[in-house]
Amino acid sequence: MKWNSKSKPIFRSFILIVLFILIDSCLQPAGKVPLAVATNIQVEEQDILQIQQGYKDGKFTVKVLVQAYLERIEAIDKNGPGLNSIICINPDAIRIAEELDKELAAGKNHGPMFGIPVILKDNIDTHDKMPTTAGSRALKNSHPLKDSFIARRLREAGAVILGKANLSEWANFRGQLSTSGWSGVGGQTKNPYDLSRNPCGSSSGSAVAVAANLTMVAIGTETNGSIVCPSQTNDIVGIKPTVGLVSRSGVIPISFTQDTPGPMGRTVRDAAICLGAIVGVDSADEKTLASKGKFYTDYTRFLHKDGLKGKRIGLDKSALGINYKVDTLFNNAVAFLKAQGATIVPIGPIDDKKVEGYSTEIMFYEYKDGLNKYFRSLGPNAPVKNVGELIAFNISDSVELRYFNQKFLELAQLKEDLSSEKYKEVLAKMLRGSREEGIDRVMNAGDLDAIIAPTGGPAWKTDLINGDSFQIGTSSAAAQAGYPNITVPMGFVDELPVGISFFGRAWSEPILIEMAYAYENANNYRVAPKFHRSN
């Protein structure tokens, strides 16, 4: 450029811009990534240890990481393949991240969950700008009066609650011919391995968000299968804890006897880290009183590569012979376990078939009682005050009963309260049949450390007319007993993932995590989804 008097203002402007850039770069902590390049950081298939190392090395800030996840949610969940796994974004996520960055700069770090993005299933209360809806339009503007125990624990650990996950409405216990992953508020969540197929429920959004790398970990809830089924269908790890290990206070309920929240992650280690952050005795949930002296704040101590050696494992055959493709993968898994030094012991039926009926009856009693108590917890401004009002709302709404009915709510409404002698009698039969005469009996007879089974079958085509098409499911024994169950990726049927379950006695999370980790570490069947759609 030829120099002249007119060039002076341009030159001065250029010098000022250069100085601004230099000053800004000096203000950036060494090695930090500016927010402008947030989308350039790697979030796909990262684990908690890698993120913590990134913070330690100054490769990125919490704010940059959170921004990257929010941008990925916008690109993949709301647009692109349109997974529809997130029902609500936390509008304070960036502000929270900024506060955590200040703590990091001051040398404070609360542990492995610090700065880790988490998604909560939208039946878990948060006292913030996000509603808690259970997917129901009746609660679309419902703001709980306080955090759930889980949300409080995660905040104390320094986790960033990114948002709420879509779910099967009312945790898939509203009516007949329901479709997993559909809610009146959130619509239909898609399976990222095949967009035409179902993600399974009811923690469907939680599983899809983890599988699609929209979060590091998520929290789901299970009454029977709602953590392990979506986990296996989306090629992730799900831990359904012993009932009482994790508090249910502030969680919209189905069954006081069977409900439990649990962590969902891409690896056993991530799920174990998250579990350690959310356990603890909670006076608001009497079931947790039994966990005193039985929980650990660090479950990573049980991650042993040789964790299968010397173990005696029961082989549950109840799901075999239904799908030969699943059988083949499971038989390969059994052969691997033997090669790792485990003794496989074939077992007979775990419990009497009547236990399933007892469990369903118990759920109707406890559903009514639990929902009515939850609605009261919302205070005088609760959108609905009881199950009767909820039933009436659904009848008057234009969306809620479009695809399936509310038969389960109606049956629950007819039940007596929990002082009923019939309720107490059925509850005693269910617990005895699933525990002393069920899992405990089988494990004592075989001197077993755990029981294994295929978690489920490949995902079915989503069908809003005919509802779900479950082919295989092995969650009931552990669910009815209130005992722990962990599912880990076992391989693929064509391009659809399936999992293997390790379950056992009450409070046996340490040994189940040990075995699940050893299996995962040697096989590593986890594969990121490609978001294709089959015909």
Side-chain angles (χ1 to χ4, degrees), residues 171-178 201-202 222-229 240 242-244 253-260 287 314-322 345-370 407-446 448 450-457 467-485 501 503-506 508:
N172 223 1
F173 200 65
R174 196 196 75 186
Q176 299 162 313
L177 299 181
S178 65
S202 63
E222 175 165 330
T223 306
N224 188 340
S226 286
I227 288 176
V228 295
C229 181
K240 196 284 288 190
T242 304
V243 172
I254 292 177
S255 169
F256 180 75
T257 300
Q258 293 183 204
D259 288 350
T260 179
K287 288 282 188 183
L315 176 60
D316 179 5
K317 298 180 179 181
S318 63
L320 301 182
I322 298 170
V345 182
I347 61 173
I350 295 175
D351 54 35
D352 189 290
K353 292 182 179 179
K354 292 180 180 179
V355 172
E356 187 81 37
Y358 298 149
S359 173
T360 302
E361 188 77 0
I362 291 301
M363 282 193 274
F364 289 136
Y365 277 100
E366 295 181 344
Y367 197 30
K368 177 183 179 181
D369 179 77
K407 185 70 173 180
F408 300 157
L409 283 172
E410 292 166 349
L411 289 172
Q413 177 68 353
L414 297 175
K415 293 299 182 185
E416 302 168 286
D417 62 34
L418 301 191
S419 65
S420 161
E421 290 302 320
K422 182 178 179 182
Y423 163 75
K424 294 176 182 178
E425 179 184 347
V426 175
L427 177 61
K429 288 180 179 179
M430 195 270 284
L431 293 178
R432 183 172 62 251
S434 61
R435 295 177 180 179
E436 294 94 331
E437 298 174 5
I439 289 178
D440 294 339
R441 172 187 58 80
V442 169
M443 295 192 71
N444 289 339
L448 304 177
I451 298 171
I452 57 168
T455 308
D468 287 332
S469 300
F470 288 100
Q471 186 183 66
I472 297 172
T474 59
S475 61
S476 291
Q480 291 154 5
Y483 288 178
N485 190 357
S501 286
F503 58 98
R505 306 174 191 273
S508 64

- Taking the side chain as every heavy atom from C-beta outward, state whether Leu431 and Thr257 have any atom pair closer than 4.5 Å.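 Sidechains of Thr257 and Leu431: in contact.
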- Query: Is there a side-chain contact between Tyr483 and Ile451, using heavy atoms and a 4.5 Å cut-off?
  - Reply: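 They are not in contact (no side-chain heavy atoms under 4.5 Å apart), so the answer is no.
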Which heavy atom of [X] sits nearest to which heavy atom of [Y], and what is that distance?
| X | Y | answer |
| --- | --- | --- |
| Ser508 | Pro484 | OG-CG, 3.4 Å |
| Ala479 | Lys240 | CA-NZ, 4.0 Å |
| Ser226 | Ala171 | OG-O, 4.4 Å |
| Asn172 | Ser178 | OD1-OG, 2.8 Å |
| Met430 | Gln480 | SD-O, 3.2 Å |

Can you measure from [atom1] ([X]) to [atom2] ([Y]) and round to the nearest 0.5 angstrom?
| X | Y | atom1 | atom2 | answer |
| --- | --- | --- | --- | --- |
| Lys368 | Gln413 | NZ | CD | 5.0 Å |
| Ile227 | Thr455 | CD1 | OG1 | 12.5 Å |
| Lys424 | Lys429 | NZ | NZ | 15.5 Å |
| Gln258 | Ser476 | CD | OG | 8.5 Å |
| Glu222 | Asn485 | CD | CG | 6.5 Å |
| Leu177 | Lys407 | CG | NZ | 12.5 Å |

Can a donor-acceptor pair be found, under 3.5 Å and without considering hydrogens, that links the side chain of [X] to the backbone of [Y]?
| X | Y | result |
| --- | --- | --- |
| Thr260 | Val243 | no |
| Arg435 | Arg505 | no |
| Thr242 | Ala506 | no |
| Asp259 | Ile254 | yes |

- Task: Answer yes or no: are there more than 12 heavy-atom neighbours, outside Lys422 itself, under 6.0 Å from its atom NZ?
- Result: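 No.
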Those residues that, when tested against [X], pass salt bridge (Lys or Arg N to Asp or Glu O under 4.0 Å) (two or more places apart):
| X | value |
| --- | --- |
| Lys287 | none |
| Asp316 | none |
| Lys415 | Glu361 |

- Item | From CA spacing to verdict: side chain to side chain contact (heavy atoms under 4.5 Å, CB included), Ile439, Phe503 | CA-CA 9 Å; Ile439 289 178; Phe503 58 98; 4.2 Å; yes
- Item | Audit row: Leu427, Leu418, side chain to side chain contact (heavy atoms under 4.5 Å, CB included) steps and yes/no | CA-CA 10 Å; Leu427 177 61; Leu418 301 191; over 6 Å; no
- Task: Taking atom types as modelled, find out whether Glu366 and Ser255 have a side-chain donor-acceptor pair closer than 3.5 angstrom.
- Result: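 Present: a donor and an acceptor within the cut-off.
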- Quick one: list whatever passes ring-ring contact (aromatic ring centres under 6.0 Å, His included) with Tyr365, sequence neighbours left out.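 In terms of ring-ring contact (aromatic ring centres under 6.0 Å, His included), with neighbours along the sequence ignored, Tyr365 is linked to Tyr423.
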- Task: For Tyr367, check ring-ring contact (aromatic ring centres under 6.0 Å, His included) against everything at least two apart and list the hits.
- Result: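 Tyr367 satisfies ring-ring contact (aromatic ring centres under 6.0 Å, His included) with Phe173 once adjacent residues are dropped.
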Residues 467-475 side chain polar contacts: donor-acceptor under 3.5 Å, at least two apart:
from   : atom 1 : to     : atom 2 : distance (Å)
Asp468 : OD1    : Ser180 : N      : 3.0
Asp468 : OD1    : Trp460 : NE1    : 3.4
Asp468 : OD2    : Ser180 : N      : 3.1
Asp468 : OD2    : Ser180 : OG     : 2.6
Gln471 : OE1    : Asn323 : ND2    : 2.9
Thr474 : OG1    : Pro454 : O      : 2.8
Ser475 : OG     : Asn224 : OD1    : 2.5
Ser475 : OG     : Gly225 : N      : 3.4

